[in-house]
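First up is the structure itself, then whatever we jot down about it.
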Amino acid sequence: MSVAAWLPDDPADRRSWEAALSELIREHRFTIAVVFPAVGAVSLIASAEGWLPEPLVFNPLFVLAGVIVMRSPLIVGVLPVVDRRAALGVAALAAYSYAIEIVGVTTGWPYGQFEYGVSLGPMLGGVPVALPVFFLPLVANAYLLCLLLLGRLADRALPRLLSVIALVLAMDVVLDPGAVALGFWTYGGGVFYGVPLSNYAGWVLSATVAVVVFDATFDRTALGARLEACEFALDDMVSFVLLWGGVNAVYGNWLPVLVAAVIGTGLLRTDRFDAGMVPGLGRRR
């Protein structure tokens, strides 16, 4: 069943449902984008360091629930432009994420030999069932941020695609060292904070496939219009920078921290994040 099949058939009902979800996100922006990643970083580090009682150590339910909450601004932000074509693109990318991860765990290609060290929820074929929840937002967040930062240059396919691919790769430069430090997964060693360079070569492939599919199946004009109307669409990227930048800082992974800071600077340039995020201080839009 596609994503579009879950949506109300009546356009008026769908708009009403989407408006209600958007208002819910607006009312809780600061909690979702700042408090959740801060608490998440502390709990993950406490789990890795053995500071929590066993039932709470990397509790897969808590981890998955927290990730879904942090993803909610992106999901609600993009939802109004998800038509059948876009839903098929999402389904294709979900299938790709499972396929390439299973191949990776089984053969070591294209990322290098690795294995999961903790449970990230139910597993299927050696990979988390919720894998698309972790993988797809990297692509979507990078795409949205590049649309805003590139301006008119985003109308040109080659600069747009290359920029998004580069940003997805940069996000993995932040994500993988932090995840290895926490013990989420291991490559058995690597020159870049425990991560082998083959991982990033693999991510060039996966990022290229994912970005091309996303670009081909989503209406870029509609996405741009939604970005203009939706002030919280990039809040999940804020969560990413805070959580993984914080984890890397604690473990002394300073180059990933620097890359996270550069991504954060790009977010600030979009002029989406000010006192309007903080409860009681008003809204920008």
Q. Picking from Thr208, Ile165, Val173, Leu138, what satisfies side-chain contact (heavy atoms from CB on, under 4.5 Å) with Trp203?
A. Leu138
Q. Is it true that Phe134 and Phe240 fall in one hydrophobic cluster, defined by side-chain heavy atoms closer than 4.5 Å?
A. yes
Q: Report yes or no: does Ser198 contribute a side-chain atom to a donor-acceptor pair with the main-chain N or O of Tyr111 at less than 3.5 Å?
A: yes
**Q.** Minimum heavy-atom distance between Leu227 and Ala233, given as atom pair plus value
**A.** CD2-CB, 3.9 Å
(Q) Quick check for you: to the nearest 0.5 Å, what is the distance between Arg226 atom CZ and Leu144 atom CG? (A) 10.5 Å
(Q) Could you measure the distance from the CG atom of Leu21 to the OG atom of Ser72? Nearest 0.5 Å is fine. (A) 9.5 Å
Q. Hey, does Ile32 have a side-chain heavy atom less than 4.5 Å from the side chain of Asp235?
A. no
Q.
Asp219: which residues meet the salt bridge (Lys or Arg N to Asp or Glu O under 4.0 Å) condition with it, sequence neighbours left out?
A. none
Q) Is a side-chain N or O of Ser16 found less than 3.5 angstrom from the main chain of Ala12, in a donor-acceptor match? A) no
Q. With side chains defined as the heavy atoms from C-beta onward, is the minimum distance between Trp185 and Val180 less than 4.5 Å?
A. yes
Q. With distance as the sole criterion, is a donor-acceptor pair present between the side chains of Asp176 and Tyr187 under 3.5 Å?
A. yes
**Q.** Distance in Å, Glu23 CD paired with Ile25 CD1, rounded so as to fall on 0.5 Å steps
**A.** 10.5 Å
Q | Shortest non-hydrogen separation from Gly77 to Cys230 and the atoms involved | A | CA-SG, 3.9 Å
Q. Looking only at heavy atoms, which two atoms of Arg14 and Leu79 are closest? And how far apart?
A. NH2-O, 2.7 Å
Q. Can you list every salt bridge (Lys or Arg N to Asp or Glu O under 4.0 Å) pair that touches residues 68-79, not counting sequence neighbours?
A. Arg71-Asp236
Q | Main-chain N/O of Gly104 paired with Thr107 side-chain donor or acceptor, under 3.5 Å | A | no
(Q) Please determine whether residues Ile263 and Val257 belong to a single hydrophobic cluster, defined as Ile, Leu, Val, Met, Phe, Trp and Tyr linked transitively by side-chain heavy-atom distances below 4.5 Å. (A) no
Q | Distance, nearest 0.5 Å, that separates CG of Leu44 from CD of Glu49 | A | 11.5 Å
(Q) Using a 3.5 Å distance criterion without hydrogens, assess whether the side chain of Arg85 forms a donor-acceptor pair with backbone atoms of Ala216. (A) yes
Q) Hey, are Arg220 and Asp155 close enough for a salt bridge, meaning a charged N less than 4.0 Å from a carboxylate O? A) yes
Q) Mind checking whether Val168 and Val262 sit in one hydrophobic cluster, side chains of I, L, V, M, F, W, Y counted as touching below 4.5 Å? A) no
Q: Quick one: pull up OH in Tyr143 and OG in Ser163 and give me the separation to the nearest 0.5 Å.
A: 11.0 Å
Q. If you take all heavy atoms of Ala41 and Leu243, which pair is closest and at what distance?
A. CB-O, 4.1 Å
Q) For the atom pair CG (Leu147) and OG1 (Thr270), what is the distance rounded to the nearest 0.5 Å? A) 12.0 Å
Scan the side chains in residues 57-70 for donor-acceptor partners under 3.5 Å anywhere in the protein, sequence neighbours excluded, and list what turns up.
{"unit_1": "Asn59", "atom_1": "OD1", "unit_2": "Leu61", "atom_2": "N", "d": "3.0"}
{"unit_1": "Asn59", "atom_1": "OD1", "unit_2": "Phe62", "atom_2": "N", "d": "3.1"}
{"unit_1": "Asn59", "atom_1": "ND2", "unit_2": "Pro55", "atom_2": "O", "d": "3.0"}

Side-chain donor-acceptor pairs under 3.5 Å in residues 86-103, sequence neighbours left out?
{"unit_1": "Tyr96", "atom_1": "OH", "unit_2": "Ser206", "atom_2": "OG", "d": "3.1"}
{"unit_1": "Ser97", "atom_1": "OG", "unit_2": "Ala94", "atom_2": "O", "d": "2.6"}
{"unit_1": "Tyr98", "atom_1": "OH", "unit_2": "Val129", "atom_2": "O", "d": "2.3"}
{"unit_1": "Glu101", "atom_1": "OE2", "unit_2": "Tyr116", "atom_2": "OH", "d": "2.4"}

Q.
Ignoring hydrogens and geometry beyond distance, is a side-chain donor-acceptor pair present between Asn248 and Trp254 at under 3.5 Å?
A. no
Q | Of all pairs that satisfy salt bridge (Lys or Arg N to Asp or Glu O under 4.0 Å), the ones with a partner from residues 207-216, not counting sequence neighbours | A | Arg160-Asp215
Q) Are Val195 and Phe184 in one and the same hydrophobic cluster, where Ile, Leu, Val, Met, Phe, Trp and Tyr link if side-chain heavy atoms are under 4.5 Å apart? A) yes
Q: Would you mind reporting whether Val76 and Phe232 have side-chain heavy atoms less than 4.5 Å apart?
A: yes
Q. Other than Leu158, which residues form its hydrophobic cluster under the rule that side-chain heavy atoms must be closer than 4.5 Å?
A. Leu162
